[in-house]
Student: 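Okay, handing you the structure first.
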Protein chains: 2
Amino acid sequence: MSTIRDVAKLAGVSVATVSRVINQKGYISKDTEKKIKACMAKLQYSPSSVARGLAGKKTDTIALLIPDITNPFFPEIARAVEDTASSYGITTLLGNCDENGVKELRYLDILKKRYVDGIIFAEHGLTWNEIHGILGSGMPIVSLDRAALSEEVSSVRVNHYQGAVLAVEHLLSIGCRRIAHISGPNHLITSANRNRGYTDTLRNAGCFDPDLVYEGDFSMECGMRVTEQLLKENEGVDGIFTSNDLMAVGALKTLIRSGVKVPEDVALIGFDGISMTQMVEPEISTIAQPIYEIGKQAVFQLIHQIEDRHELPEMTPRVLETKLIQRATTTRF
Amino acid sequence: MSTIRDVAKLAGVSVATVSRVINQKGYISKDTEKKIKACMAKLQYSPSSVARGLAGKKTDTIALLIPDITNPFFPEIARAVEDTASSYGITTLLGNCDENGVKELRYLDILKKRYVDGIIFAEHGLTWNEIHGILGSGMPIVSLDRAALSEEVSSVRVNHYQGAVLAVEHLLSIGCRRIAHISGPNHLITSANRNRGYTDTLRNAGCFDPDLVYEGDFSMECGMRVTEQLLKENEGVDGIFTSNDLMAVGALKTLIRSGVKVPEDVALIGFDGISMTQMVEPEISTIAQPIYEIGKQAVFQLIHQIEDRHELPEMTPRVLETKLIQRATTTRF
DNA sequence: TTGTACGCGTTATCAC
DNA sequence: GTGATAACGCGTACAA
């Protein structure tokens, strides 16, 4: 492992000069630049990010904190974030918090010690105060909107309310009248918004029945369990809107097992747009979030906070729209 | 952000002393230790990992490089690795290589610059020489055995051959005779071993037919596509063994769509044991790898290479066994 | 255009 | 027991 000093020595110049060519800063004659580059190549020199971090307080590293890596939604986000970040030369540190406040806190502590340049929070149970308590202020943060941070935090938002409206209107349009909803945890903003969209739409249509609303936890198991319960407790349900796709997968499973025909007896639509909805049979209709775009925008916003020097593509609106994707579970003939 | 110097000043001691209490090294009087600890708390001091990395050449960071984060097998591995590592105070850097040699190289370069203490390779297309070319020697590496590194590299292996034998014997035992195989990419050792297990077992049973072997790429789409082809080109296939679960999910989908009864007409079994096999209906039988254990052992071995000081649980055998999990797709009545 | 020298926050080696 | 002080590898004013 050669250092900048080795390069300088070999090239017969000072470390400052070498540093300049590395960082493309200040004036350097073409000649010395060439010579130095040659020496760097010969020594296989590559600057130490650690030393750099210490000296410059900048590590070209961001962190992405997600609540559950086994929910495919988050790997898909992770992929987008990492892609985008790495196209700017930024490394992404991925932290899986397991829906666990303690782990979240632990991560925050680690990230601070590591001088990450910024953090993307995909979801968390922390208050803004707790975060500040650990991080202090000044750390760039972007929150993907499943989180419930304060308004001061920059975030990438999706119009969940509108998405839910789309879902329910779609179910209505194919003839459903008793439409059940398996919501996400009520304390999550996103989940609550989807719930509102559902409720409002059904109210307007004169079909709302509070008995048909069940609270879930976004897991597949829960989707199965609740659907079972739902079928037992209610007659004539002809449509189900689950607050995420994973629960839709679970619901579908229970429906099939119970001999319920999908979509003839019960139509089903999820939310998120993860690719797993296409892996089951029949394929599940869903309200797709622009997952890749969300990750991408999050990185853009974060970089924006970190520094203005990067020439970023124009900022697109912060509120992204969802899209109805109709598949077999809502296609009646 | 207070530094060790601030603490030293406040406590009226030298930085060396503070460093000693931080690292529990050398002698320190109980009194000063208490005082220093109090000061650290008061200043909310927390040592900089970056500075530490520079000074000590050790970052308490390992990296996990995976080929495809959207294949659920790897998030499950990632979770195990991260859990285990973090229980030893080690942070995990997760890199998604997208089955892309260039990205792999890029990651290696980054990791080296960052002084990671070691790397776990879940799969890759690099030769041992390429790796050495970037890393030089001396970097601890553990390879999860989908990779095809040389024998010098420490690795966590699963008995894929035996697993495939289990799968095929199981299919035979429920009455299948014309058993097809959708393999993984032939250049991957694991895939090749599973293929051998399949071939040998069927040969012994006198049922081997080379026409029933198709090469896949571990993706669900491929599972669908190949199954379609397989049904078209062959009569009387009554069992399918796919080299991983994702392809089994795809196969199941095609079977259902084609009106083939599973398992009555065609039985189906996968390999890996990812939880997605339980998300579809009917649930898919599989040869489960001890995924969590694999991740855990990988970390153990890596830490072992990094240093002997950590008191690790006794090393368990490197070759882990797979287990048949019988579910609906191979349960005939 | 290039070089000198100091600082970044810790660890570790010697002295005291 | 404790305290200076030299690394660690790099960035950067400030000089030259």
Side-chain angles (χ1 to χ4, degrees), chain A residues 1-37 39-40 43-61 109-117 136 307 309, chain B residues 1-37 39-40 43-61 89 109-110 112-117 136 307 309:
Chain A
M1 281 274 303
S2 45
T3 77
I4 196 175
R5 248 184 299 263
D6 302 327
V7 177
K9 200 165 296 172
L10 183 61
V13 298
S14 77
V15 293
T17 311
V18 177
S19 177
R20 284 190 197 97
V21 356
I22 293 172
N23 303 293
Q24 321 258 36
K25 271 183 184 169
Y27 295 97
I28 21 169
S29 78
K30 288 295 164 204
D31 273 1
T32 49
E33 174 167 3
K34 264 203 180 103
K35 186 168 52 180
I36 289 173
K37 282 191 169 164
C39 294
M40 299 203 306
L43 294 178
Q44 296 207 64
Y45 168 73
S46 110
S48 153
S49 305
V50 177
R52 245 183 188 174
L54 222 210
K57 237 61 172 141
K58 213 161 147 305
T59 54
D60 292 319
T61 307
D109 187 43
I110 291 175
L111 297 178
K112 177 187 172 191
K113 293 186 188 177
R114 287 187 177 277
Y115 300 170
V116 297
D117 296 337
E307 56 177 339
R309 266 171 305 151
Chain B
M1 280 275 302
S2 44
T3 77
I4 197 175
R5 248 183 296 265
D6 301 327
V7 178
K9 200 164 296 174
L10 182 62
V13 299
S14 78
V15 291
T17 311
V18 178
S19 177
R20 285 193 195 94
V21 355
I22 293 173
N23 302 293
Q24 321 258 35
K25 270 183 184 168
Y27 294 97
I28 23 168
S29 78
K30 288 294 162 203
D31 273 1
T32 48
E33 174 167 4
K34 267 208 178 96
K35 187 167 53 180
I36 289 173
K37 282 192 170 164
C39 294
M40 299 201 308
L43 293 178
Q44 296 207 67
Y45 167 74
S46 114
S48 153
S49 305
V50 177
R52 259 192 175 159
L54 221 211
K57 236 61 172 144
K58 216 164 144 303
T59 53
D60 292 318
T61 306
D109 186 45
I110 290 175
K112 176 188 174 190
K113 293 187 189 178
R114 288 189 178 276
Y115 300 170
V116 297
D117 296 337
E307 57 178 339
R309 267 171 302 153

Student: How many whole angstroms separate atom CG of A/Leu43 from atom C1' of D/dG9?
Tutor: 15 Å

Student: Can you measure A/Met40 atom CE to D/dG9 atom C1' for me and round it to whole angstrom units?
Tutor: 15 Å

Student: With respect to the phosphate group of C/dG3, does any side-chain polar atom (N or O) of A/Ser14 fall under 4.0 Å of OP1 or OP2?
Tutor: yes

Student: Rounded to whole angstroms, how far apart are CD1 on B/Ile22 and C1' on C/dT10?
Tutor: 8 Å

Student: Can a side chain N or O of B/Arg52 be found less than 4.0 Å away from OP1 or OP2 on C/dG9?
Tutor: no

Student: Above 12 or not: heavy atoms from other molecules or residues under 6.0 Å from NZ of A/Lys9?
Tutor: no

Student: Report yes if at least one side-chain N or O of B/Asn23 is closer than 4.0 Å to OP1 or OP2 of C/dT10; otherwise report no.
Tutor: no

Student: On a heavy-atom basis, which atom in A/Arg114 and which in A/Thr59 lie closest, and how many Å separate them?
Tutor: O-CG2, 3.7 Å

Student: So, OP1 or OP2 of C/dT10: does either fall under 4.0 Å of a side-chain N or O from B/Tyr45?
Tutor: yes

Student: Which residue, A/Leu54 or A/Ala16, contacts DNA chain D at a nucleotide closer to its 5' end, judged by nearest heavy atom?
Tutor: A/Leu54

Student: Can you identify which nucleotide, out of D/dC10, D/dA13, C/dG9, has its nearest atom closest to the B/Thr3 side chain?
Tutor: C/dG9

Student: For B/Val18, run the side chain to side chain contact (heavy atoms under 4.5 Å, CB included) check against B/Asp6, B/Ile4, B/Thr3 and tell me which one passes.
Tutor: B/Ile4

Student: Once you round it to whole Å, what is the distance between P of D/dC8 and CD1 of A/Ile4?
Tutor: 14 Å

Student: Taking only the side-chain nitrogens and oxygens of B/Thr32, find out if one of them lies under 4.0 Å from OP1 or OP2 of D/dT2.
Tutor: yes

Student: Over how many whole Å does the gap from A/Glu33 atom CD to C/dT1 atom P extend?
Tutor: 11 Å

Student: With a 4.5 Å limit on heavy-atom distance, are the side chains of B/Thr17 and B/Lys35 in contact?
Tutor: no

Student: Give the intermediate values and the outcome of side-chain contact (heavy atoms from CB on, under 4.5 Å) for residues B/Ile22 and B/Tyr45.
Tutor: CA-CA 11 Å; B/Ile22 293 173; B/Tyr45 167 74; 3.6 Å; yes

Student: Of all heavy-atom pairs between A/Ser46 and B/Asp109, which one has the smallest distance, and what is that distance?
Tutor: OG-OD1, 4.0 Å

Student: Does the side chain of A/Lys25 get closer than 4.0 angstrom to OP1 or OP2 of D/dG11 through an N or O atom?
Tutor: no

Student: Using every non-hydrogen atom in the two residues, find where B/Asp117 and B/Lys57 come nearest and quote the distance to one decimal.
Tutor: OD1-O, 4.3 Å

Student: For the pair A/Ile36 and A/Cys39, evaluate side-chain contact (heavy atoms from CB on, under 4.5 Å) and give the outcome as yes or no after the intermediate values.
Tutor: CA-CA 5 Å; A/Ile36 289 173; A/Cys39 294; 5.6 Å; no

Student: Given C/dG9, is OP1 or OP2 found less than 4.0 Å from the side-chain N or O atoms of A/Lys57?
Tutor: yes

Student: In whole Å, I'd like the distance from the CE atom of B/Met1 to the P atom of C/dT10.
Tutor: 7 Å

Student: Produce the list of close N/O pairs, under 3.5 Å, pairing protein atoms with atoms of nucleotides 14-16 of chain D; give distances to one decimal.
Tutor:
none

Student: Take atom CZ of B/Arg5 and atom C1' of C/dC6, then tell me their distance rounded to the nearest Å.
Tutor: 12 Å

Student: Answer yes or no: are there more than 12 heavy-atom neighbours, outside B/Glu33 itself, under 6.0 Å from its atom CD?
Tutor: yes

Student: Using five base pairs at each end to define the local axes, how bent is the helix from C/dT1-D/dA16 to C/dC16-D/dG1, to the nearest 10°?
Tutor: 40°

Student: Of the options C/dG9, C/dT2, D/dT5, whose atoms approach the side-chain atoms of B/Ala51 most closely?
Tutor: C/dG9

Student: For D/dG11, does OP1 or OP2 lie under 4.0 Å from any side-chain N or O of A/Ser19?
Tutor: yes

Student: Taking OP1 and OP2 of D/dG3, is either one under 4.0 Å from a side-chain nitrogen or oxygen of B/Thr17?
Tutor: yes

Student: Name the nucleic acid region contacted by B/Val13, choosing base, sugar-phosphate or nothing; use a 4.0 angstrom heavy-atom cut-off, strictly under.
Tutor: sugar-phosphate

Student: In whole angstrom, what separates A/Lys35's NZ from C/dT2's C1'?
Tutor: 11 Å

Student: Answer yes or no: does a side-chain N or O of B/Lys58 lie under 4.0 Å from OP1 or OP2 of C/dT10?
Tutor: no

Student: On a heavy-atom basis, which atom in B/Met1 and which in A/Lys112 lie closest, and how many Å separate them?
Tutor: SD-CE, 3.3 Å

Student: Kindly give the heavy-atom pair with the smallest separation between B/Tyr115 and A/Ser48, and that separation in Å.
Tutor: OH-OG, 2.9 Å

